[in-house]
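Structure first, then comments.
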Amino acid sequence: MNSFTSKKNKFQKLKGDEVIFDNPHPDIHIANIPIATACWVKTTEGIVVIDTLLKNIHGEQMYNKIKTTTDGIIKYLIITHGHRDHHGGYRPFMQDSPEIITQSLFLERLEKYKIQAPYQDRVKSIQFNMPMKKVTPEQLEKWRQIKYISPTKLYDEFFSFKLGDKTFELYHARGETDCATWVWIPEIKVAFVGDLLIGRFPNIGNPFKPTRFALPWARTLEKIREKKPKMIIHGGYYHPVYKDYEVREVLDHTIEAIHIIHDQVIDYINNGVPLYDFINKVKLPEYLQKSPYLTSQYSRIEFAVQNIYRWYHGYFDFNPAHLLPVPEATINREILSLIGNKASILNRVQELISKHKLQLALQVLNIILFEDMKNVEARKLRLKILKEIREEDNCMISFNIWTYYINEDKKFISYYKS
Ligand SMILES: [Zn+2]
């Protein structure tokens, strides 16, 4: 059993939409589900909620907990960024009619979720290993009718307000999204940073998503560090509260890691090295590889490298054959006809598997699969390769992507057996 399998078991224990609460500071409560953390802050004149988790059932548990532990009214609801596990549970909070504050680019993101609903659903189901919805006219209509949270106050770069004994300073940041907000309360020196930290290596790159931000992300963490927080609460699932020495360490390590990866990618770009010649060469120094704040259980360095490259570099890799290329299927068909038979490709793939050159085996197999997805022998080999790759993978996103295609191959093979 690898470490991700044991983490999966932890998820299973927490499933069933149960919200876990904690109280890391006399005036702060956190609410945690297996993918996100939200919180609320007590002031002498009411409550400020930061994020609402994913679903109504989560929001309800948060709302009920607030109402059973305090007699305060929820005056403000701040959303740290557009990912739905941070605002999907908003409805129960509307009973108190709070001011709802987001950064102004938040609305564009919600629009994107509507116009891209089938794609977003496909991504979500693969990334989080969840059932995929069938795209029917009824489902499309359902997606069109979704009522997302509606902010009552948008801000661009900075906004602050005072409620009772506390000041809330809201700063715009670019991290996982371009609409991120981090919140600073100077009276208690606590920073709420949304998914700018997630308890793991930051999710700077996601294979399904548009480019995210590396340098602005590091610079935002530097600004947070300048405030010298006593406590940081982030929006991820794992270890959502940092106190004491951890605050400085998590910031130092994460800032350093982003700069180091970023600068290496820039060097390779400036030296004209193609992406796939350097993607596995970008490394963190040993002390950061061992950092407990930068483990790859959620995202991984290769994704960050891809992302930073795409941010700074166009699609053209200085190979004239790639300026206006034909579809990959067309070129693979040519190669297949030159080889003349599929058996020699299958044999070579077997050899590569036995030498543990799994990624190369996967790509060589594509010469057959582009032309013939129903080739049972090729699909059996792909299943074998994917299982071996997954066995060694401790990153949730790539683990779940392998799992999706493992299941597809299994379904296909059992269909052709019967
Ligand atoms: Zn997020």
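Below, all heavy atoms of this structure are taken into account, side chains as well, without hydrogens, waters or symmetry copies. By convention here, the first residue in the shown sequence is residue 1. Start at 1 and go down the list; that is how both ligands and their atoms are numbered.
The aromatic rings of Phe161 and Tyr76 sit parallel to each other, their planes meeting at less than 30°, with 60° as the upper class boundary. Below 30°, between 30° and 60°, or above 60°: for His87 and Phe106 the angle between ring planes is above 60°, a perpendicular geometry.
Applying the salt bridge (charged side-chain N to carboxylate O under 4.0 Å, His left out) definition to pairs two or more places apart or across chains, those involving residues 225-236 are Glu169-Lys227, Arg225-Asp252.
Below the 2.8 Å limit, the Zn ion (ligand 1) has as protein N, O or S neighbours His81 NE2, His83 ND1, Glu176 OE1, Asp195 OD2.
Side-chain polar atoms of Gln306 and Glu302 form no donor-acceptor pair below 3.5 angstrom. Inspection of the Gln103 and His81 side chains reveals no N or O donor paired with an N or O acceptor under 3.5 Å.
Distance alone, capped at 3.5 Å, is enough to place a donor-acceptor pair between the Asn400 side chain and the Gln127 backbone.
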